[in-house]
Amino acid sequence: MNKKPKEYLTVEQRNLRKARLEELINIEIPKNAEEIERAKAQGDLSENAEYDAAKEHHAKLHKEKSDLENLLNNAIIIKENSSNEQVEIGHFVEIEWSDGNKEVIRLLGYGNGKDEISIDSPLGSALLEKKVNDIVTVEAPKGRLQLTVLSIN
């Protein structure tokens, strides 16, 4: 039996997902129901492209709603941590790759943005619990990569 990996969310991510869920429930799903009713009023449903499109959109909206409800009910909310001694979920980590390129990333349960890295990714799991000045080896699809942790915030 496959266990679903735990989902980690910051308070901000949780709030964004709650807002999206409210938008689905209060705006998009009722609007879609009206579209379905309008398409039904046109008569013959067997060749009604507008009805088919509205029903397809209905299924997508309800899947998104269900996915968001499951995520919000089961997510682990990342608490702000004042300790910057080692990399933990929610931290911003400045790293320097072996080629000299530097970047700041945020370690999360799963990344959504350009600078967010999932703890389940090769980079994210390699960074967990590392400290400033640690040299980290990452086993990535492109091969073995090395970086140094410059700062943790």
Side-chain angles (χ1 to χ4, degrees), residues 1-33 35-36 49-153:
M1 174 161 75
N2 272 345
K3 271 183 97 173
K4 187 174 185 286
K6 289 185 168 56
E7 301 285 359
Y8 295 88
L9 296 176
T10 62
V11 171
E12 178 184 3
Q13 287 177 315
R14 179 193 61 198
N15 291 342
L16 286 171
R17 281 158 184 80
K18 278 185 174 181
R20 175 62 182 150
L21 181 60
E22 291 299 316
E23 179 182 12
L24 284 169
I25 292 170
N26 297 317
I27 299 169
E28 291 195 35
I29 291 174
K31 181 180 170 187
N32 175 252
E35 291 168 357
I36 291 171
E50 187 178 334
Y51 177 76
D52 292 340
K55 288 297 281 182
E56 186 176 315
H57 189 60
H58 173 85
K60 288 179 183 176
L61 290 172
H62 281 274
K63 173 153 182 13
E64 183 180 1
K65 175 182 174 277
S66 175
D67 290 348
L68 282 169
E69 287 171 337
N70 286 333
L71 174 64
L72 290 168
N73 287 333
N74 297 305
I76 297 169
I77 305 305
I78 301 166
K79 306 251 188 292
E80 291 298 322
N81 190 339
S82 59
S83 170
N84 295 336
E85 293 192 17
Q86 67 180 19
V87 178
E88 296 177 12
I89 297 169
H91 278 151
F92 289 91
V93 184
E94 182 180 11
I95 59 174
E96 181 176 8
W97 295 97
S98 56
D99 65 4
N101 285 329
K102 295 179 183 178
E103 66 180 305
V104 176
I105 59 170
R106 187 167 193 197
L107 197 63
L108 295 174
Y110 60 90
N112 282 334
K114 175 181 165 241
D115 300 322
E116 297 174 345
I117 302 294
S118 167
I119 60 165
D120 297 323
S121 70
L123 176 57
S125 61
L127 282 172
L128 268 179
E129 300 181 0
K130 297 300 186 263
K131 298 178 180 179
V132 173
N133 296 322
D134 279 357
I135 296 173
V136 180
T137 300
V138 180
E139 297 292 338
K142 294 181 180 180
R144 186 175 288 189
L145 306 170
Q146 280 199 325
L147 61 95
T148 304
V149 176
L150 300 177
S151 68
I152 304 167
N153 295 305

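Just so you know, these numbers come straight off a predicted model, no measurement behind them. Residue indices begin at 1 and follow the sequence shown.
- Of the possible donor and acceptor atoms, none in the side chain of Arg20 sits under 3.5 Å from a partner among the backbone N and O of Leu16.
- No more than 12 heavy atoms of other residues, nucleotides or ligands lie within 6.0 Å of CD in Glu129, so this atom counts as exposed by the packing criterion.
- Rounding to the nearest 0.5 Å gives a distance of 10.5 Å between CD of Glu23 and CD1 of Ile29.
- Note that OG of Ser121 and CG of Leu127 are 8.0 Å apart. Values are rounded to the nearest 0.5 Å.
- Within the 4.5 Å cutoff, side-chain heavy atoms of Ile95 are placed close to those of Glu103.
- At least one donor-acceptor pair closer than 3.5 Å links the side chain of Asp99 to the backbone N or O of Asn101.
- With a 6.0 Å radius and a threshold of 12 heavy atoms from other residues, nucleotides or ligands, Leu128 has its CG atom above the threshold.
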Sequence neighbours left out, cut at 3.5 Å: what donor-acceptor pairs do the side chains of residues 51-63 make with other protein atoms?
from  : atom 1 : to    : atom 2 : distance (Å)
His58 : ND1    : Asn32 : OD1    : 3.3
Lys63 : NZ     : Asp67 : OD1    : 3.3
Lys63 : NZ     : Asp67 : OD2    : 2.8

Using residues 144-153 as the side-chain source, report each donor-acceptor pair under 3.5 Å to any protein atom, sequence neighbours left out, with the distance given to one decimal.
from   : atom 1 : to     : atom 2 : distance (Å)
Arg144 : NE     : Glu139 : OE2    : 2.7
Arg144 : NH2    : Glu139 : OE2    : 2.8
Gln146 : NE2    : Thr137 : OG1    : 3.2
Ser151 : OG     : Glu94  : OE1    : 3.3

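- Among residues two or more places apart in sequence or in another chain, the side chain to side chain donor-acceptor pair (under 3.5 Å) test is passed with Asn133 by none.
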Quiz prompt | Steps toward salt bridge (Lys or Arg N to Asp or Glu O under 4.0 Å) verdict (Lys65, Glu28) | solution = CA-CA 10 Å; Lys65 175 182 174 277; Glu28 291 195 35; over 6 Å; no

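- Atom CZ in Arg17 sits 7.5 Å away from atom CG in Leu68 (nearest 0.5 Å).
- Here CG of Leu21 is found 13.0 Å from CZ of Arg14. Values are rounded to the nearest 0.5 Å.
- How far CD1 of Ile105 is from CG of Leu123: 4.5 Å, rounded to the nearest 0.5 Å.
- In this structure, OG in Ser66 is found 11.0 Å from CG in Leu24, a value given to the nearest 0.5 Å.
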